[in-house]
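The structure under discussion appears below in the form of structure tokens.
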Number of protein chains: 2
Amino acid sequence: MSITDTEVEDALASFEAFLRRKRLKMTAQRRTMIRTALKHVGHFTAEDLYRRLTEAGAAVSMATVYRGLTLLEEAKLLEGHDFDGTRRYERLVDREHHDHMICLDCQRVLEFQDDDIESLQEKAAKRHGFDLADHRLVLYVRCPEGDQPERCHRAESMRTA
Amino acid sequence: MSITDTEVEDALASFEAFLRRKRLKMTAQRRTMIRTALKHVGHFTAEDLYRRLTEAGAAVSMATVYRGLTLLEEAKLLEGHDFDGTRRYERLVDREHHDHMICLDCQRVLEFQDDDIESLQEKAAKRHGFDLADHRLVLYVRCPEGDQPERCHRAESMRTA
DNA sequence: ATAACTGCAAAGCATTTGCAATCTT
DNA sequence: AAGATTGCAAATGCTTTGCAGTTAT
């Protein structure tokens with residue numbers, strides 16, 4: 001679930017390579033931001049990251065957080081989702097691809113994988129003459145009829161939205 | 001592609017039933033809004049609908065358009081999507097379910113269907129102990145390497161985002 | 001040196017909301 | 001009559017941007 005320090009440092013190195021490629025610069029703010037962002041378990045918003053940075057005593061402005069998140073996404077260290085009006089990010093480093101299931105009863109977000117669906121998506125794109133670049137699949141689900149909403153909360157790979 | 005007048009009037013009747021069920025009221029604004037919205041081909045934003053209403057001489061405020069779109073979605077006459085920051089709607093009446101493919105090269109939106117993917121989604125939800133209520137699948141694609149971007153524009157079931 | 005980065009505050013954009021007047025039922 | 005709806009303008013919430021000063025390469 002959690003990321004190791006070595007993985008964080010490796011990611012940092014790969015981000016530096018990304019910056020060099022784009023002729024951009026590494027700064028103290030970006031370094032702190034990456035370390036903090038990658039250590040975040042589950043989904044987080046710009047606001048969440050900003051709060052953590054602030055609480056840790058790091059002086060990074062909200063504007064810089066937004067600009068940094070965009071870069072981290074371009075560098076493929078983070079992946080962004082638009083589940084609702086607020087963009088949510090999650091670490092991509094050292095995590096397998098997955099889609100999301102959102103329970104309309106308890107609002108929780110569950111992660112799942114389905115290789116068959118993945119390969120059919122590839123085929124669907126091809127069938128229409130395109131190359132699949134990326135995709136977003138969200139399943140809106142409900143706790144089975146008659147079940148207590150808590151049932152939902154017990155699910156294993158659960159994350160807070 | 002287009003909807004018939006009869007279908008529009010039927011939809012209107014079903015919306016009135018929906019309102020009655022919820023103890024809400026039918027108004028001139030809502031009537032005009034539905035007729036205009038349902039006749040819209042492809043995807044449209046609140047702004048698009050507002051413009052059409054205004055151009056047709058109907059006096060409906062933006063606030064009412066937003067409030068109405070929410071109701072039309074609840075009544076399942078429209079379906080909303082969050083492809084980007086602006087919500088886009090499409091007529092649900094008399095249309096089969098489909099997902100979307102968005103070309104990152106030419107920005108166009110293509111509709112597609114895949115029954116196998118649909119049924120696997122159902123199974124995935126079940127496997128995790130939930131009932132599938134709804135879903136959103138968006139494939140981000142690219143015109144094949146070496147192709148002119150126009151290739152993309154020629155695709156049949158294309159819609160403007 | 002040069003170009004990129006940062007913080008700040010202001011601006012932007014889509015959408016929502018409080019309220020008084022006005023319609024539906 | 002009671003409650004829902006409307007338009008307006010103000011407010012909201014998230015995100016972006018212009019600018020002047022600072023910093024990395």
Side-chain angles (χ1 to χ4, degrees), chain A residues 12-13 15-37 43-54 56-75 78-89 161, chain B residues 12-13 15-37 43-54 56-75 78-89 161:
Chain A
L12 206 46
F15 188 59
E16 286 185 321
F18 167 84
L19 291 177
R20 227 171 292 120
R21 229 176 298 131
K22 296 217 152 203
R23 301 229 169 62
L24 301 178
K25 293 163 179 173
M26 176 53 91
T27 65
Q29 286 92 330
R30 289 180 179 169
R31 237 183 301 267
T32 322
M33 213 185 302
I34 297 174
R35 294 211 175 99
T36 311
H43 300 146
F44 61 92
T45 64
E47 187 69 39
D48 292 334
L49 179 53
Y50 177 71
R51 190 169 341 101
R52 287 215 180 185
L53 286 165
T54 303
V60 181
S61 73
M62 199 65 207
T64 299
V65 167
Y66 272 108
R67 292 189 269 232
L69 284 172
T70 305
L71 281 177
L72 287 175
E73 206 178 347
E74 279 180 45
L78 295 182
E79 181 169 271
H81 299 280
D82 282 307
F83 295 142
D84 62 347
T86 309
R87 194 158 185 80
R88 277 153 215 287
Y89 297 86
Chain B
L12 206 45
F15 188 59
E16 286 184 322
F18 166 83
L19 291 177
R20 226 171 294 122
R21 229 175 299 131
K22 295 218 151 199
R23 301 228 168 63
L24 301 178
K25 293 161 180 177
M26 176 53 90
T27 64
Q29 287 92 330
R30 287 179 180 171
R31 236 185 300 267
T32 322
M33 212 185 303
I34 297 172
R35 294 213 174 97
T36 310
H43 301 145
F44 60 92
T45 62
E47 186 69 39
D48 291 335
L49 179 52
Y50 177 70
R51 191 170 338 103
R52 287 215 180 185
L53 287 165
T54 304
V60 182
S61 73
M62 199 65 205
T64 299
V65 167
Y66 273 108
R67 292 189 269 230
L69 283 172
T70 304
L71 280 177
L72 287 174
E73 205 177 348
E74 278 180 46
L78 294 182
E79 182 168 272
H81 298 281
D82 282 309
F83 295 142
D84 61 349
T86 310
R87 195 158 183 80
R88 277 152 215 287
Y89 297 85

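Throughout, protein chains are lettered first and strands after them, A, B, ... in sequence-line order, and every chain is numbered starting at 1.
- As rounded to whole Å, 19 Å separates atom P of C/dC13 from atom CG of B/Asp82.
- For the atom pair CZ of B/Arg51 and CE of B/Met62, the computed distance is 9.5 Å after rounding to the nearest 0.5 Å.
- Distance check, rounded to the nearest 0.5 Å: CZ of A/Arg88 to OG1 of A/Thr45 gives 6.5 Å.
- Nearest nucleotide to the A/Leu24 side chain, out of C/dA4, C/dT17, C/dT25: C/dA4.
- For the pair A/Leu19 CG and C/dA3 P, the interatomic distance rounds to 18 Å; values are reported in whole Å.
- The distance from atom CZ of B/Arg21 to atom P of C/dT25 is 16 Å, rounded to the nearest whole Å.
- The shortest side-chain heavy-atom distance between B/Thr70 and B/Arg67 does not fall under the 4.5 Å cut-off.
- Note on B/Arg31 versus B/Glu16: salt bridge recorded, some NZ/NE/NH1/NH2 to OD/OE distance being below 4.0 Å.
- Residue A/Val60 places its side chain closer to C/dG7 than to any other of C/dG7, C/dT25, C/dA3.
- What separates CD1 of A/Ile34 from P of C/dC5 is a distance of 13 Å, to the nearest Å.
- Place B/Arg30 and A/Arg87 on DNA chain D by their nearest nucleotides, and B/Arg30 ends up nearer the 5' end.
- Note on A/Met62: nothing from the nucleic acid sits closer than 4.0 angstrom, heavy atoms only.
- Between A/Arg23 and A/Val65, the residue anchored closer to the 5' end of DNA chain C is A/Arg23, taking for each the nucleotide with the nearest heavy atom.
- Applying the 4.0 Å criterion to OP1 and OP2 of C/dT15, one finds that B/Tyr66 has a side-chain N or O inside that range.
- Distance check: B/Arg30 CZ to B/Phe15 CZ gives 6.0 Å after rounding to the nearest 0.5 Å.
- How far OH of A/Tyr50 is from OG1 of A/Thr36: 13.5 Å, rounded to the nearest 0.5 Å.
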Between A/His43 and A/Phe83, is the side chain to side chain contact (heavy atoms under 4.5 Å, CB included) condition met? List the steps. CA-CA 11 Å; A/His43 300 146; A/Phe83 295 142; 3.8 Å; yes

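- In this entry the distance linking NZ of B/Lys25 with C1' of C/dC23 reads 8 Å, nearest Å.
- Nearest-nucleotide mapping onto DNA chain C: of B/Gly85 and A/Gln29, the residue sitting toward the 5' end is A/Gln29.
- Nucleotides of DNA chain D that come within less than 4.0 Å of any heavy atom of chain A span, from the 5' end to the 3' end, D/dC14 to D/dT25.
- When rounded to the nearest whole Å, the span between CG of A/Leu72 and P of C/dC5 equals 13 Å.
- Counting non-hydrogen atoms under 4.0 angstrom, B/Glu47 reaches nothing in the nucleic acid.
- If you check every strand for non-hydrogen atoms under 4.0 Å, B/Ala59 touches sugar and phosphate atoms only.
- A straight line from CG of A/Leu53 to C1' of C/dG7 spans 14 Å, rounded to a whole angstrom.
- Distance CZ (B/Arg51) to C1' (C/dA14): 14 Å, rounded to an integer number of Å.
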